[in-house]
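Let me begin by presenting the structure, written as structure tokens, before commenting on it.
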Protein chains: 2
Amino acid sequence: MLNLVWADEGGLPANDRGLAYGDGLFETVRMQGQQGVLLSRHLMRLVRDAARLGIVVSREELSGVCAQAAQRWADSFDNGWVLKLILTRGAGGRGYRPDDNMRPNLLVSATSLPPEPDAEGVMADFSRVPLSVHPMFAGIKSLNRLDQVMAARELHDGLFEVIMSNHDGYLVEGTRTNLLLKTRDGWVTPPVSSLAVAGVMREWLLERLRERGESVLERPLAIADLTGPDCQGLFLLNSVFGVVPVRRLADQDLPVDSGLATIVHPHDLLE
Amino acid sequence: MLNLVWADEGGLPANDRGLAYGDGLFETVRMQGQQGVLLSRHLMRLVRDAARLGIVVSREELSGVCAQAAQRWADSFDNGWVLKLILTRGAGGRGYRPDDNMRPNLLVSATSLPPEPDAEGVMADFSRVPLSVHPMFAGIKSLNRLDQVMAARELHDGLFEVIMSNHDGYLVEGTRTNLLLKTRDGWVTPPVSSLAVAGVMREWLLERLRERGESVLERPLAIADLTGPDCQGLFLLNSVFGVVPVRRLADQDLPVDSGLATIVHPHDLLE
């Protein structure tokens, strides 16, 4: 049983471990009325990654909370909204060490949609902040997000995203988006084991592309893959924004292929 | 100007970035009455590391808060207490990206002292959780502490600490302590650039040892350094516990040198 807190009624207890240590996870779900984009995948990921951290929560409990949240806030937003779930291990413990059988806290909030990215393509750059992915936490949307915060401070002057590299020099992901590259030989994206966050839009889209018989290769991405002649388009994936083509990367124009954007708009993925 | 919150009156706002992303820092200070162990070093570190994250806070402001906290709580604890400061970048922002000129939040709490470790030495083991240190955040006591949480879950059956290794296989630190090894040739400790948290007790002690003309080498520590014949004693450093000798590491007894423990007790470092 989790302890539910509505953000419009208050915050978590002062000794919550989410604040103290980032000991928890979060999800942000794009909502339209009472429906959510890829909602079941968001909840599946949250339950799965919570288990990796030893936090016990059930899919049924989360679904029930989302239904309550949808009723609570759907009428407050005309043009869609964002539902945010912050799940923490709970309050207390002895320093870093959690107590056994802690009761998780779930903080639920609603915000308005961010501005839509330009459908004709956005501007991105390379981040100067390296991305450090702990192998135990690869792909997990945990509350430990200082890398992304520091990189997001580089966003200015119309930049939609900065792309972060790992210590081996491979491009991994944006601060809030996964990468998908179109090449002459098919689609390329970095493997989950290298990712800070394995997005649900990425997961959904790779399944659709493979269903259509297209080639999808999961391998490390080098800078030359994006800036060389093989690049037929770079896409940023995120379940709130959908599939966003990059038209300019640092000081270079990229080809913009609109085929993907037209097949995937978050509106089509409401549940 | 920071926004001060006393933990016995409430928590931080629901949209605080410390909870959302671990976007902040903390300090835990051992207190005796209204005095704190190495208090000025704690505050210096907090101001310095906040600046590395782009969080603006002044030493004077923090000192004033600590004086208020000491007055508030000193009489509530007979045998010492722990003052905890959690400093966050503030509430809000657009996703990971902070707004300009955010007002930091400071959450201040008091807890009782943890049990004292056995002065004759404690038991430690090697952690199975690798320690991942981001080069931009090396040594910073940030709120991103999932590595330490997952390692601390291994603490049981009288274990005082588990020692974490980095991806190169070098021993770096405990979940809450820095390492100091006594060898025939002098003292050895891993360099700050490799540390998750550069403790104030470590800093103070290295200065004292060097003042006494002893050899202190900062270099990576291999497992063989601790388990081989050169090891004359392993110490765990922490400003709450002081200098704690390890008498048993995994399945091996270590020599216990009491010389260091007698020269440093946290009580002697009250300010």
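Below, read A as the first sequence line, B as the second, and so on, with proteins coming before strands; counting in each chain starts at 1. This one's a predicted model, so the numbers in the text were calculated from it and none came from an experiment.
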Residue-level contacts of residues 13-27 of chain B with chain A, using a heavy-atom cutoff under 4.5 Å: A14(B), D16(B), R17(B), G18(B), L19(B), A20(B), Y21(B), G22(B), D23(B), F26(B)

Side chain from CB out, backbone as N, CA, C, O: work out which of these in P114(B) comes under 4.5 Å of a heavy atom of chain A, or both, or neither. neither

Between L143(B) and chain A, which part of the residue has a heavy atom less than 4.5 Å away: side chain, backbone, both or neither? both

For chain B, which of L12(A), L53(A), V5(A), L107(A) has the most heavy-atom pairs under 4.5 Å? L53(A)

Using a 4.5 Å heavy-atom cutoff, which residues in residues 77-85 of chain B come close to chain A? K84(B)

Any chance CZ of R103(B) has more than 12 other-residue heavy atoms, nucleotides or ligands included, within less than 6.0 Å? yes

So which part of I86(B) gets closer than 4.5 Å to some heavy atom of chain A, the side chain, the backbone, both or neither? side chain

Hey, mind stepping through H134(A) and D147(B) against side chain to side chain contact (heavy atoms under 4.5 Å, CB included) and telling me if it holds? CA-CA 8 Å; H134(A) 192 291; D147(B) 298 25; 3.2 Å; yes

The interface call for R52(B) against chain A, heavy-atom contacts under 4.5 Å, is backbone

Taking only heavy atoms into account, what residues of residues 88-100 of chain A are found under 4.5 Å from chain B? T88(A), R89(A), Y96(A), R97(A), P98(A)

How about residues 160-175 of chain A versus chain B: which residues have heavy atoms under 4.5 Å apart? H167(A), T175(A)

Chain A interface, residue from P135(B), P130(B), S142(B) that has the most non-hydrogen pairs under 4.5 Å: P130(B)

Least distance between heavy atoms, G54(A) atom then R153(B) atom: CA-NH2, 3.6 Å

